Amino acid sequence: MPLQGPWKAPSEAEGTLPCRTDEALLFRRDSRLLSVTRLRGAAVVTQYYVWNQKNAALVQSGEYQRTSQTFCAVAAR
């Protein structure tokens, strides 16, 4: 099933993360949380979606933006 949401044009939505590339798409079954991390210009943006069983749809529940340097610093710890 394709994801539905406020997706941008491919040139905006796709980009190689500067680090932690295995975290571009994560899913937690215990909370039904899907996180999508990608580059947006010079920033790294993570969007969080929760599966709504009643509507059978992903609902965006938040967005977190930080610099590439901050995003990569977490991996260096």
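A quick note: this is a predicted structure, and the numbers were derived from the prediction, not measured. Hydrogens, waters and symmetry mates play no part in the numbers below; they use all other heavy atoms, side chains included.
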With sequence neighbours excluded, what pairs up with S35 under the side chain to side chain donor-acceptor pair (under 3.5 Å) test? none

Just jot down the side chain to side chain donor-acceptor pair (under 3.5 Å) partners of S61, sequence neighbours excluded, or say none. none

Can you list the residues that meet the side chain to side chain contact (heavy atoms under 4.5 Å, CB included) rule with E63, with sequence neighbours excluded? R40, V45, Q47, Q60

Is there a continuous path of hydrophobic side-chain contacts, each under 4.5 Å between heavy atoms, that joins L25 to F27? yes

Salt bridge (charged side-chain N to carboxylate O under 4.0 Å, His left out) pairs, two or more places apart, involving residues 44-61: none

Heavy atoms, side chains only, cut-off 4.5 Å: are L34 and L58 in contact? yes

R28: partners by salt bridge (charged side-chain N to carboxylate O under 4.0 Å, His left out), with sequence neighbours left out: D30

CG of L17 to SG of C72: how many Å apart, nearest 0.5 Å? 8.0 Å

Is there side-chain contact between T37 and F71, with at least one heavy-atom pair below 4.5 Å? yes

Determine, step by step, whether T67 and V44 satisfy the side-chain contact (heavy atoms from CB on, under 4.5 Å) criterion, reporting the C-alpha distance in whole Å, the side-chain angles of both residues, the deciding distance to 0.1 Å, and the verdict. CA-CA 6 Å; T67 65; V44 175; over 6 Å; no

Hydrophobic cluster mates of L33, side-chain heavy atoms under 4.5 angstrom, ILVMFWY only, any path? Y48, V50, Y64

Gap between atom CZ of R20 and atom CG of L26 - 0.5 Å precision: 9.0 Å

According to side chain to side chain donor-acceptor pair (under 3.5 Å), who are the partners of R66, at least two apart in sequence or on a separate chain? T46

Below 4.5 Å, heavy atoms only, C-beta onward: do P18 and L39 meet side chain to side chain? yes

